[in-house]
Visitor: 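I am attaching a structure below and will ask some questions about it afterwards.
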Protein chains: 2
Amino acid sequence: MKKEKSPQKTLTTKERIFQASVNLFSQKGFDAVSMREIGREVGIRESSIYNHYKNKDAILESIINHLIDKLGAMSLTDEEMDVLISESPELFFETGSREFFNGMSNPETEKIWRILSIEVFHNEKIKTFFVNELLESPIKEWERIFTKMMKKGIIKEYDPRVLAMEYFSFALYLFFEYFILKYDTKYSSFTDMAYKKMIDHTNFILSSVKVENDEDSNLKL
Amino acid sequence: MKKEKSPQKTLTTKERIFQASVNLFSQKGFDAVSMREIGREVGIRESSIYNHYKNKDAILESIINHLIDKLGAMSLTDEEMDVLISESPELFFETGSREFFNGMSNPETEKIWRILSIEVFHNEKIKTFFVNELLESPIKEWERIFTKMMKKGIIKEYDPRVLAMEYFSFALYLFFEYFILKYDTKYSSFTDMAYKKMIDHTNFILSSVKVENDEDSNLKL
DNA sequence: GTCTATAAGTGGATAGAC
DNA sequence: GTCTATCCACTTATAGAC
């Protein structure tokens, strides 16, 4: 909005507060981090933070909005989807998965998803964001996609709502497994833990619903 | 351990502290509830609580242990499983689902699961409990079950590990959906939100992997 | 077993000098 | 824009009277 990202590393104090907050909140949760602690990380006194953010809540707010902006800048158009479906369902699923993982997997984005996962209990705005963006919109989207595939005769007839749940719930399960249970463990990123599992899942769903016409067309990594 | 549940409602002060804590923690989270608040709910001063529990952490500890004790008192034996599998896979899945839902759905148990869901970030003991009891043990168990079903020729050959994930991940997804995203909404219990969805899921899995021999054997509610 | 009083600490936030 | 100094609300927990 204001200016482009500077070529290298001259971050403003506000940006450094932002980054320090993302790091600390993602490790300890919002409540467990004090303004003193953020200040210490940045190298200024807590009182100076108030020259850049109105209060502690405003920092969290700006972190949430940063993710929302970033996500809004992605996602396929209807035409792109149509082309992909006609090409092959395998290619389509692979593209869809890749898109989902892209929205989760760069290091800064992961930290923010982790913050949201921790704070979803205490913050109504975060909860609404989760329910809409992670649950309801994708399920509706996949219902449309499966309906389209049925009309084209690519997959068998089955309740498209159930099919959408079957397909996408697994991605959500992986999200929860990583961001709630496995964060800070051996895995270095969401993709690292989840991508292979998602391929197995996609192959299972395809093997169940695809109209047979060729031999073996499993996805490969 | 000490004495049986009194026939009606003469709760000891310690039990009233326990119940007030379960209610408050499940609504606001552990950190957001003060000893003053618990005392107010019980009708005593905060300092009096320390006559019954060593400190605040000890209250949470006793809540967790209460759930662990309760869950330990359930679960099917190997022989019961064998009989059920031989009878019919439909019956087996139905019994399995019922068992899972029983471990979640009485009002007090739900509140405790909610507390654990909130505190899984801050408490290493809770995280370990979740990963073991909710993730790894059930997946291993279902892997064994699917392997057994394949040997009996009830279901088609497929990687049993993948099948276990496909089946049980949906239950976990439902758990997260309810206890993290939908708790305190229109649903009156986990069963109320999730049971029908779990039936749809079971039917989908069965329709994919079952060896055909009779007409239509979908589960009914 | 409950009370009052109090210790000892931490939190977010503001005022005003520089 | 950063600092020091300070406010004040609130936290867990303990000591000791009753």
Side-chain angles (χ1 to χ4, degrees), chain A residues 1-3 6 9-65 115 118-119 121-126, chain B residues 1-3 6 9-65 115 118-119 121-126:
Chain A
M1 284 240 170
K2 280 170 188 164
K3 49 180 164 181
S6 325
K9 47 166 62 188
T10 33
L11 293 173
T12 66
T13 304
K14 184 164 188 173
E15 287 165 339
R16 279 159 57 221
I17 294 169
F18 182 92
Q19 290 201 344
S21 301
V22 168
N23 288 330
L24 290 168
F25 292 165
S26 67
Q27 284 161 28
K28 314 169 71 171
F30 180 76
D31 290 331
V33 174
S34 67
M35 296 295 268
R36 281 167 179 69
E37 209 169 349
I38 298 170
R40 199 182 310 133
E41 192 75 10
V42 175
I44 58 177
R45 294 281 160 180
E46 67 177 314
S47 55
S48 303
I49 299 173
Y50 293 90
N51 277 313
H52 304 279
Y53 289 95
K54 189 185 165 247
N55 54 31
K56 199 184 169 190
D57 282 321
I59 302 180
L60 182 58
E61 189 97 357
S62 82
I63 292 174
I64 300 172
N65 289 333
I115 296 171
I118 299 176
E119 295 310 317
F121 307 104
H122 307 98
N123 188 307
E124 208 52 42
K125 185 181 175 180
I126 294 179
Chain B
M1 281 236 173
K2 279 169 188 164
K3 50 179 164 182
S6 325
K9 45 165 63 188
T10 33
L11 294 175
T12 66
T13 304
K14 184 164 187 171
E15 287 165 339
R16 280 159 57 221
I17 294 169
F18 182 91
Q19 290 202 344
S21 301
V22 168
N23 288 331
L24 289 168
F25 292 164
S26 67
Q27 283 160 28
K28 313 169 70 172
F30 179 76
D31 290 331
V33 174
S34 67
M35 296 296 265
R36 278 169 181 62
E37 212 169 346
I38 297 170
R40 199 182 310 133
E41 192 75 11
V42 175
I44 59 176
R45 294 281 159 180
E46 66 178 312
S47 56
S48 304
I49 298 174
Y50 293 90
N51 278 313
H52 305 277
Y53 288 95
K54 189 186 165 245
N55 54 30
K56 199 184 168 190
D57 282 320
I59 303 179
L60 181 59
E61 189 99 356
S62 82
I63 292 173
I64 300 172
N65 290 334
I115 295 170
I118 299 177
E119 295 310 317
F121 307 103
H122 307 98
N123 188 307
E124 209 53 41
K125 184 181 175 181
I126 294 179

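Computed from a predicted structure; not experimentally measured. Labels below follow one simple rule: chain letters A, B, ... track the order of the sequence lines, proteins then strands, and each chain is numbered from 1.
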Visitor: Separation of B/Tyr50 atom OH from C/dT4 atom P, in whole Å?
Guide: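 That distance rounds to 16 Å.
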Visitor: Are any non-hydrogen side-chain atoms of B/Ile115 and B/Ile126 less than 4.5 angstrom apart?
Guide: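 No, their side chains stay 4.5 Å or more apart.
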Visitor: Side chain to side chain donor-acceptor pair (under 3.5 Å) with B/Arg36: which residues, sequence neighbours excluded?
Guide: B/Glu46
Visitor: Is there side-chain contact between A/Lys125 and A/Asn65, with at least one heavy-atom pair below 4.5 Å?
Guide: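 The answer is yes; the side chains approach within 4.5 Å.
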Visitor: Hey, could you give me each pair passing side-chain hydrogen bond (donor to acceptor under 3.5 Å, both in side chains) that has a residue in residues 20-29 of chain B? Not counting sequence neighbours.
Guide: B/Asn23-B/Lys111, B/Lys28-B/Glu37
Visitor: Over how many whole Å does the gap from A/Leu24 atom CG to C/dG11 atom P extend?
Guide: 12 Å
Visitor: Could you tell me whether A/Ser47 contacts a base, only the sugar-phosphate backbone, or nothing, with contacts defined as non-hydrogen atoms closer than 4.0 Å?
Guide: base
Visitor: Give the rounded distance in Å between these two atoms: CZ of A/Arg45 and P of D/dA5.
Guide: 10 Å
Visitor: Using a cut-off of less than 4.0 Å, is there contact between a side-chain N or O of B/Ser48 and OP1 or OP2 of C/dC3?
Guide: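 Affirmative; the distance criterion is met.
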Visitor: Residues from residues 53-64 of chain B sitting under 4.0 Å of DNA chain C, heavy atoms only?
Guide: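 Per residue number, the list is empty: none.
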Visitor: Can you tell me how far the CD atom of B/Glu61 sits from the CG atom of B/Asp57, to the nearest 0.5 Å?
Guide: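 Going from the CD atom of B/Glu61 to the CG atom of B/Asp57 covers 8.0 Å.
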Visitor: Could you check B/Arg16 against B/Glu46 and say which one's nearest nucleotide on DNA chain C is further toward the 5' end?
Guide: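 Looking at DNA chain C, the more 5' nearest nucleotide goes with B/Arg16.
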Visitor: Is there a residue in residues 26-43 of chain B whose heavy atoms reach under 4.0 Å of DNA chain D, and which residues are they?
Guide: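 Correct list: B/Val33, B/Ser34, B/Met35, B/Arg36.
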Visitor: Give me each pair satisfying ring pair (Phe, Tyr, Trp, His ring centres under 6.0 Å) with a member in residues 10-31 of chain B, each pair once, sequence neighbours excluded.
Guide: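 Only B/Phe18-B/His66, B/Phe25-B/Phe30 qualify under ring pair (Phe, Tyr, Trp, His ring centres under 6.0 Å).
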Visitor: Rounded to the nearest 0.5 Å, what separates atom CG in A/Asn123 from atom CD1 in A/Ile118?
Guide: 12.5 Å
Visitor: Using atom CD1 of B/Ile44 as one end and atom C1' of C/dG1 as the other, report the distance to the nearest whole Å.
Guide: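 Distance check: B/Ile44 CD1 to C/dG1 C1' gives 9 Å.
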Visitor: Would you compute the distance between atom CD1 of A/Ile49 and atom NZ of A/Lys56 and round it to the nearest 0.5 angstrom?
Guide: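 Interatomic distance, A/Ile49 CD1 to A/Lys56 NZ, rounded to 0.5 Å: 10.0 Å.
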Visitor: Using whole Å, what does the distance between atom P of nucleotide D/dA13 and atom CD1 of B/Ile49 come to?
Guide: 10 Å
Visitor: Could you list the residues that satisfy ring-ring contact (aromatic ring centres under 6.0 Å, His included) with A/Tyr53, not counting sequence neighbours?
Guide: none
